[in-house]
Peer 1: 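Sending over a structure as structure tokens; questions will come in a sec.
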Amino acid sequence: MSSDAGHCPGTASPDPLAIRAEIPAKILIVDDDRRNLLAASEILADPAVDLVLADSPEEALRRTLREEFALILLDVQMPRMDGYEVAALIRSRPRTSCVPILFLTAHNKEDMHIFRGYSAGAVDYVFKPIQPLVLKSKVDVFVDLYRKTEEIKRKAAAEKQLLLENLRVRGEKLEAEQALRRREEHQAAVLRGLPIALYTSPVGLEDRRLHFTNDSIERITGFSRGSFADSGLWESRLDPEDSERVLRELRTLAETGAAALEYRWRNADGTERHILDQVVVNRAEDGTAAELFGMWFDVTERKELELSLQHASKLEAVGRLTGGIAHDFNNMLSIVIGNLDLAKGSLQDNEKALRRVENAIEGAHRCAELTSRLLAFSRRSPLQPRALDFASFIPGLTKLLARTLGERITISADLGDGLPEICVDHAQFEAALINLAVNARDAMPEGGTLGIRVEGRDVPASEDAEGTRCVDITVADTGTGMPPAILARVFEPFFTTKEVGKGTGLGLSMVYGFVQQSGGTITVDSNPGQGTRFVVTLPALDRTIIPSESAERPASDVAANAVNGAGKVVLVVEDDADVRSTIISTLEALAFTVLSAQDGSEALGILERERDIALVFSDVNMPGTMSGIDLGHVIRRQWPQMPILLTSGYLEEDQDASDFDLLFKPYRTDELIETLRVSLCGIRAA
């Protein structure tokens with residue numbers, strides 16, 4: 001049981017009935033008197049609780065080594081070892097250090113003995129004779145606490161898994177395929193140019209001695225070829241899960257004549273390797289099996305690449321699913337935000353109601369930010385670079401890292417003088433720095449210092465380029481560091497030194513890809529025992545070429561120049577009826593006359609009939625063969641002067657809307673007003 005069991009302040013309480021149904025709970029009852037055990041088990045009998053009885057301290061300790069308990073009821077007076085000693089041993093083991101212990105005693109009610117019990121790790125006492133209601137109530141509290149804690153753990157693990165499975169989906173599959181092909185070509189070259197581990201062996205399994213013809217087997221396994229003369233070495237290091245299958249094939253080898261055995265084998269250094277063992281029977285003149293001739297080949301890297309390719313395929317499927325869900329969610333948020341904005345207009349004299357609507361809009365925008373992250377993970381959303389000011393960004397990041405990394409890690413932040421701004425996607429940049437910080441934390445299991453330094457730097461001019469200014473973001477830790485062999489592969493997709501299930505190997509490759517896409521570079525310097533230092537270099541923002549950021553104007557500025565739609569007709573093209581209704585209401589509130597269509601074909605029919613349409617406002621992703629982008633190109637050819645405004649929750653990788661004004665869902669009314677003004681005036685951003 002983890003050390004945070006039972007302590008989740010501020011977390012919403014799950015449904016108790018659902019927790020009882022889904023999460024089993026075990027209670028260990030320890031008493032040397034079988035009558036007391038029976039009495040306690042009768043009091044606590046519950047189909048949803050598994051009661052484990054132990055009549056000796058030794059049995060109790062054995063149970064705690066093998067099983068996980070929500071609560072331990074421990075008798076104080078027992079032969080050979082009293083309850084205080086048993087509790088101290090339970091507390092000394094990391095696995096059971098946080099399991100609540102409830103002492104049962106008929107004696108030692110004095111303060112001194114009670115204090116000793118609490119010092120040994122008890123959370124409460126129950127005095128004999130036991131009052132059933134008291135015991136039942138106390139036990140129920142700890143069992144419910146255990147179940148709620150486990151439920152919170154499960155939810156946290158599920159959320160973390162969802163985030164991990166959406167990182168760098170598309171690129172990793174291609175990288176894995178290319179790496180697999182390169183590795184197979186490399187292995188073929190090695191087989192041609194290097195000696196092969198060949199051996200002979202007696203036919204019978206009872207004498208499985210391998211006589212290798214050269215010393216190449218030592219390079220593969222770490223054992224000298226003389227070690228294999230021991231008939232027990234090969235079988236003793238064969239993986240138990242593969243043993244039965246491999247031995248069965250070897251028993252029939254005399255009849256089949258040949259076999260290709262693939263199994264896991266533990267090397268001298270304890271690492272597990274995948275071995276391809278190709279064996280043929282060498283027969284005597286009379287046709288009987290005389291001996292076996294075989295070849296060993298280590299195929300571990302090939303197996304790892306195959307698993308990486310399978311994982312990349314799964315990530316792509318998860319990414320497609322997540323992108324579709326986020327698209328639908330953006331449509332729903334558009335309805336929510338649009339109607340709330342409309343409701344604000346009728347609540348100007350009701351300050352309390354207006355404040356509630358603003359709170360609801362703010363909550364909807366937080367949902368939209370989450371959806372934006374999901375789209376980024378699934379590679380359905382392009383980067384959205386904006387100017388970033390380190391003076392306001394770094395303090396918020398430091399607070400977030402303090403909560404994420406824990407109390408053992410000391411965080412320091414140092415900002416240089418005169419820092420220029422940079423232009424990056426804020427969410428992706430924050431995720432990249434958090435990723436570097438989490439890797440640093442894992443390299444400091446006993447705690448340490450994480451330093452973040454940001455400083456500007458002038459890049460001198462060269463023959464091919466003018467002098468520029470850049471920003472170096474350094475993330476350094478005092479952790480264990482990395483040897484050169486690992487340092488050389490640190491940015492490779494799927495490469496990880498963590499245990500299975502502790503990491504995907506995608507984190508640093510994701511950081512590398514983001515930095516490259518943002519026009520920067522990343523370097524790493526590390527030595528064993530001396531920590532690790534990552535330096536991310538990004539170009540400084542040139543304000544002379546940045547267009548005005550109209551979307552970030554205060555709402556009051558936009559409202560002051562609200563669009564007057566009187567006398568203007570807008571054609572709305574949207575397949576979702578609820579979203580279409582919301583857009584129509586918003587435009588009508590701005591005095592526009594609104595026509596509507598549910599797909600591109602219907603929209604073209606309306607354009608043929610109506611000649612005074614001022615603007616076409618169309619969704620990008622619609623059912624049928626014509627998307628909003630296709631519709632826009634048709635309109636451009638037939639009505640070149642017609643303003644076109646597109647909107648979408650996300651764009652597919654092959655969709656290019658750069659020729660049109662584009663408004664991403666969900667959007668506020670003031671954002672729509674500003675975009676309408678730009679589109680109707682024919683002003684396009686540079």
Side-chain angles (χ1 to χ4, degrees), residues 323-324 326-342 361 364-365 367-369 371-372 375 380-382 384 550-552 558 563 565 568-590 592 594-600 602-604 606-607 613-624 626-636 642-652 654-685:
H327 170 255
D328 293 340
F329 199 48
N330 272 340
N331 268 345
M332 291 186 284
L333 286 173
S334 296
I335 298 170
V336 172
I337 293 175
N339 282 286
L340 288 172
D341 269 332
L342 289 171
I361 292 175
H365 273 284
C367 293
E369 291 174 4
T371 306
S372 176
L375 287 172
R380 295 296 197 277
S381 176
Q384 299 181 17
S550 58
E552 295 185 2
V558 176
V563 171
K568 297 184 178 67
V569 180
V570 175
L571 173 58
V572 174
V573 189
E574 170 63 60
D575 61 291
D576 189 301
D578 292 330
V579 177
R580 186 168 64 246
S581 174
T582 302
I583 296 173
I584 291 172
S585 298
T586 302
L587 292 173
E588 287 178 343
L590 297 172
F592 285 100
V594 184
L595 303 176
S596 65
Q598 61 182 358
D599 57 36
E602 185 179 351
L604 290 175
I606 295 174
L607 286 167
I613 294 176
L615 178 136
V616 176
F617 185 24
S618 175
D619 188 20
V620 171
N621 297 298
M622 295 184 293
M626 183 180 295
S627 69
I629 297 175
D630 297 331
L631 174 62
H633 287 303
V634 173
I635 295 173
R636 280 278 168 83
M642 177 73 69
I644 301 166
L645 173 59
L646 299 181
T647 182
S648 178
Y650 78 99
L651 294 178
E652 293 281 3
D654 58 350
Q655 290 178 324
D656 182 10
S658 58
D659 292 336
F660 307 98
D661 293 323
L662 182 63
L663 182 62
F664 278 98
K665 298 177 183 177
Y667 49 80
R668 294 292 301 272
T669 299
D670 52 5
E671 294 171 333
L672 174 61
I673 290 172
E674 179 66 16
T675 310
L676 284 172
R677 181 188 302 109
V678 172
S679 297
L680 288 170
C681 294
I683 302 172
R684 297 294 311 282

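When reading the values below, keep in mind they use all heavy atoms of this one structure, side chains included, and skip hydrogens, waters and symmetry mates.
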Peer 1: Search all heavy atoms of Asp576 against all heavy atoms of Glu574 and return the closest pair with its distance.
Peer 2: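 Shortest heavy-atom contact: N-OE2, 3.0 Å.
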Peer 1: Taking Val572's backbone N and O only, do any of them form a donor-acceptor pair with Ser596's side chain (distance below 3.5 Å, no angle check)?
Peer 2: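 Side chain of Ser596 to backbone of Val572: no pair is present.
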Peer 1: List the atom of Phe617, the atom of Val570, and the distance in Å for their closest heavy-atom pair.
Peer 2: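 What the structure gives for the nearest pair is CB-CG1, 4.1 Å.
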Peer 1: Roughly how far, to the nearest 0.5 Å, is CD1 of Ile606 from CG of Leu571?
Peer 2: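 Result: 5.0 Å between the selected atoms.
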Peer 1: Restricting to non-hydrogen atoms, name the atom on Ser679 and the atom on Pro643 that form the minimum distance, rounded to 0.1 Å.
Peer 2: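 Looking at all heavy atoms of both residues, the shortest contact is O-CB, 3.6 Å.
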Peer 1: Can you tell me how far the CG atom of Leu587 sits from the CD1 atom of Ile673, to the nearest 0.5 Å?
Peer 2: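 Result: 10.0 Å between the selected atoms.
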Peer 1: Give the minimum heavy-atom separation between Ala614 and Leu680, together with the two atoms involved.
Peer 2: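 Looking at all heavy atoms of both residues, the shortest contact is O-CD2, 3.9 Å.
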Peer 1: I need the minimum non-hydrogen distance between Leu645 and Leu662, along with the two atoms involved.
Peer 2: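 Looking at all heavy atoms of both residues, the closest pair is CD1-N, 4.2 Å.
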Peer 1: Could you tell me if the side chain of Phe592 sits less than 4.5 Å from the side chain of Leu615, heavy atoms only?
Peer 2: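 Not in contact.
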Peer 1: Output, in order, the C-alpha distance, side-chain angles, deciding distance and verdict of side-chain contact (heavy atoms from CB on, under 4.5 Å) for His633 and Asp659.
Peer 2: CA-CA 9 Å; His633 287 303; Asp659 292 336; 3.7 Å; yes
Peer 1: Considering only heavy atoms from C-beta outward, does the side chain of Leu672 approach that of Thr647 to under 4.5 Å?
Peer 2: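 Side chain of Leu672 against side chain of Thr647, heavy atoms only: no contact under 4.5 Å found.
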Peer 1: Is Arg677 close to Glu674 at the side-chain level, that is, under 4.5 Å between some pair of heavy atoms?
Peer 2: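 The answer is yes, as the side chains (C-beta and beyond) meet within the 4.5 Å cut-off.
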Peer 1: Between CG of Leu631 and CG of Leu607, what distance do you get to the nearest 0.5 Å?
Peer 2: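 It is 7.5 Å, given to the nearest 0.5 Å.
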Peer 1: Can any side-chain N or O of Ser581 pair as donor or acceptor with the backbone N or O of Ala577 at less than 3.5 Å?
Peer 2: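 No; zero donor-acceptor contacts below 3.5 Å.
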Peer 1: So, using side-chain contact (heavy atoms from CB on, under 4.5 Å) as the criterion, who are the partners of Met622 when residues are at least two apart?
Peer 2: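 Listed in chain order: Val573, Asp575, Ser618, Asp619.
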Peer 1: What closest approach, in Å, do Gly632 and Ile644 show between heavy atoms, and which atom pair accounts for it?
Peer 2: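 Where Gly632 meets Ile644 most closely, the heavy atoms are O-CD1, 3.4 Å.
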